[in-house]
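Since the structure comes first, as structure tokens, the remarks are kept for the end.
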Number of protein chains: 2
Amino acid sequence: MPAPAVPSLPPAAPDAGLRATIADVARRAGVSKATVSRFLNRRDELLTPEIARRVEAAIAELGYSPSPMAQALKRGRSRLIGLVVADVTNPFSVAVLRGAEKACQQAGYLLMLFNLGDDADRERDAIEALVAYQVEGLILNTLGRDERAVAAAARSGRPVVLVDRRHAEMQADFVSLDNAGAVRLAARHLVDAGWDELLFVSEPVAGVSSRQEREAAFRAFVADAAGIAGRSVESWAGGAEALAQALRDLRARGRRPAVLASNAVVTLRVAEAVAALGWRFGGDLGFVGIDETEWAPLVGPGLSTVAQPTDALGRLATACLLERLQGLTVPPRQILLPGQLVARRSSLGTQA
Amino acid sequence: MPAPAVPSLPPAAPDAGLRATIADVARRAGVSKATVSRFLNRRDELLTPEIARRVEAAIAELGYSPSPMAQALKRGRSRLIGLVVADVTNPFSVAVLRGAEKACQQAGYLLMLFNLGDDADRERDAIEALVAYQVEGLILNTLGRDERAVAAAARSGRPVVLVDRRHAEMQADFVSLDNAGAVRLAARHLVDAGWDELLFVSEPVAGVSSRQEREAAFRAFVADAAGIAGRSVESWAGGAEALAQALRDLRARGRRPAVLASNAVVTLRVAEAVAALGWRFGGDLGFVGIDETEWAPLVGPGLSTVAQPTDALGRLATACLLERLQGLTVPPRQILLPGQLVARRSSLGTQA
DNA sequence: TTGTATGCGTTATCAA
DNA sequence: TTGATAACGCATACAA
């Protein structure tokens, strides 16, 4: 007694805000819920063509699609991935977000986003909220100031991928720019172009592995390079004025001064200071900054940068996660991608 | 027979990846699940202090927190808000995202993000995926090319807030910059500063309400202003070369030429073209762009902008949504916020 | 090959 | 004031 298909019904009648359920489909097709469920999940299995047809029709007519929430509850799998970013206004975080989001979509996952807005106190809440929502895995571009936060992630038993910021105690895949390599690339480039008094400018390094690594690499480079002087400064230690003073000091040392900015935010601060001082990039001051941005070519004579493979970082982070979700169990991996030098005129002013 | 509290148990023992459930808590406290649920949700109601104490202790010892998924299934309320952004690389989208994210967090909601990456084909999938996940409301900063997509949002019965892009057929709250006002502000500023041959540069306006409104406002301004000439051009019609040609034509018309860029992306393209032409902002060419960015002060002599109240837009969008979620039923509102002129040297070169 | 029954973790409706 | 019990929408072991 097949329920005759009702041909000319408005294709979907979800008039009210209520979605059709599997029970509605079953009723309409004149079969049991189990049959509908099987049709959905295990198509390969044995289904009478006639029944399959009816179920398919009913699904179409009702505009039915399964509730991911209910599926998650039942299966334990939510098809959700949690992403914690330190600060969405940071272009790097955004780039990672973008790469991750793309990869997730392709794999049929949805991203749950938590932005810390540079507030370390929320780090733990963020992770716990995400875990509560049954995210299957976590991509963490955290602040790194709260070790208990990542510990919470680990305890959840879900796979975790760390991006850009490492956590010593955390056994997790790690995806990042090759910080040391990038700094060497930038510094070597400056030296080759004739700049010999280098200043490394960074945001506070305490507790942030990527900043530490970059600064350490800079120190190591200076120690190795003959005839090159180098110092570091944390640009926020004393606000804009302190930075300006550091730049004046740098130039007062009398050689060919250049700045190596440890990320895009620092680049912005340095550019502001240089503008305020009335100096010219490439002439008065050599410059290379880590992080390529759309505006780098437009500031002064063009700012040289080391571009991070941001998109690849986001995609790889997601890929690592997906592999783990599919059961891969290898020891924590480290994926370090090289930066790429984009030479512009800010670093080419003083050929030796 | 109260289950004696076990005092010196490690505060939480969620060793494995399995979270404690309400049943675990009930067992541990020696009460029923219902009691635990009541303790959680209707604290005001009558609970024997002794029982309450035991439940509270059990919750603490187990590190229990309710599963939002199960709650969503039962209540229909997920504490989730869906956000669709046209393009996370667009600073405007990011700013909205940031404002919305902040407001959501404060209200105890989590954001589910879907980024279209400027791909109109995904618009509908995005909304449907979000609705499937039981988001309670939607904030849409969409592409606007697929009307069926927003229709799907409307059909879901959930409250929707449109940001920046209007959809005629859609009865929904709308939050946006006062586009006409912003354009008038910028154009008036240019004219007051002595520029009299204006070029409005925009991304393709077809199907995107905000772009249409801005362009219309520009045309209206020019029609009204005596002694001012003005044209519009879509910067992508013919790539970088076409834009450069438009700029050359503009300048060839011999008066005091200025560009009004309709958003930050256009600003970038114009700045690139100007750099390629070897012109100087403020001298050869006046300039004001809609959208304030961190780099605007650093390009050329400083680019004048009209700043959008981005953070407020994001917060207001969320606020509208939350009001609706709390039962407010007023007709669709329009919230238009004024832009703010940030005058820099790109527009101050030619005092009349 | 299909249907029945049970459970995922909650909340809500009844009784007790 | 508390405790069984039945949903919520779905997947699955088991029975038919």
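Within every chain, numbering begins at 1; the chains are lettered A, B, ... in the order of the sequence lines, protein sequences first and strands thereafter.
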Presence of A/Ser67 side-chain N/O under 4.0 Å of D/dG9 phosphate oxygens OP1/OP2:
no

What are the atom names and distances for every N/O pair under 3.5 Å that joins the protein to nucleotides 2-5 of chain C?
| residue | atom | partner | partner atom | Å |
| --- | --- | --- | --- | --- |
| C/dT2 | OP1 | A/Thr48 | OG1 | 2.4 |
| C/dT2 | OP2 | A/Thr48 | N | 3.0 |
| C/dG3 | OP2 | A/Ser32 | N | 3.1 |
| C/dG3 | OP2 | A/Ser32 | OG | 3.1 |
| C/dG3 | OP2 | A/Thr35 | OG1 | 2.3 |
| C/dG3 | N7 | A/Arg38 | NH2 | 2.8 |
| C/dG3 | O6 | A/Arg38 | NH1 | 3.0 |

How large an angle, rounded to 10°, do the end axes of the helix from C/dT1-D/dA16 to C/dA16-D/dT1 enclose when each is built from five base pairs?
50°

Once you round it to whole Å, what is the distance between C1' of D/dC10 and CD of B/Gln134?
12 Å

Does D/dA11 have OP1 or OP2 sitting under 4.0 Å from an N or O in the side chain of A/Gln71?
yes

Within this structure, what is the CZ-to-P distance between A/Arg75 and D/dC10, rounded to whole angstrom?
11 Å

Using the side chain to side chain donor-acceptor pair (under 3.5 Å) rule, take A/Gln134 and B/Arg19 through it: C-alpha gap first, then chi angles, then the decisive distance, then the call.
CA-CA 10 Å; A/Gln134 301 268 37; B/Arg19 297 164 56 80; 5.8 Å; no

Nearest-neighbour nucleotide for the B/Arg42 side chain, C/dT10, D/dC10, C/dA12 considered
C/dA12

Checking A/Thr48 now: which residues fulfil side chain to side chain donor-acceptor pair (under 3.5 Å) with it, not counting sequence neighbours?
none

Whether A/Arg315 and A/Asp311 form a salt bridge (side-chain N of Lys/Arg under 4.0 Å from carboxylate O of Asp/Glu) is what I want to check.
yes

Polar side-chain contact A/Lys74-C/dG7 base: donor and acceptor under 3.5 Å:
yes

How would you label the contact of A/Tyr64 with the nucleic acid (heavy atoms, under 4.0 Å): base, sugar-phosphate, or nothing?
sugar-phosphate

Under a 4.0 Å N-O cut-off, is there an ion pair linking A/Glu50 with A/Arg53?
yes

What is the distance from atom CG of A/Leu110 to atom SG of A/Cys104, rounded to the nearest 0.5 Å?
8.0 Å

Do the non-hydrogen side-chain atoms of A/Val160 and A/Val150 ever get within less than 4.5 Å of each other?
no

Can you measure B/Arg19 atom CZ to C/dC8 atom P for me and round it to whole angstrom units?
16 Å

Whole angstrom is fine here: how far is it from OH in B/Tyr133 over to P in D/dG9?
17 Å

How far apart are the C-alpha atoms of B/Gln105 and A/Arg122, what are their side-chain angles, what is the distance that settles it, and do they pass the side chain to side chain donor-acceptor pair (under 3.5 Å) test?
CA-CA 10 Å; B/Gln105 266 174 42; A/Arg122 284 206 314 234; 2.8 Å; yes

Whole-Å distance separating the CG atom of B/Leu73 from the P atom of C/dT10:
12 Å

Whole angstrom value for the distance that separates C1' of D/dG9 from CG of A/Asp24
10 Å

Do A/Leu97 and B/Leu113 make a side-chain contact, defined as non-hydrogen atoms from C-beta onward lying under 4.5 Å apart?
yes

Rounded to whole angstroms, how far apart are CE on A/Met69 and C1' on C/dT11?
16 Å

Does B/Arg77 reach the side chain of B/Gln71, with side-chain heavy atoms less than 4.5 Å apart?
no

Whole-Å distance separating the CD1 atom of A/Ile22 from the P atom of D/dA7:
18 Å

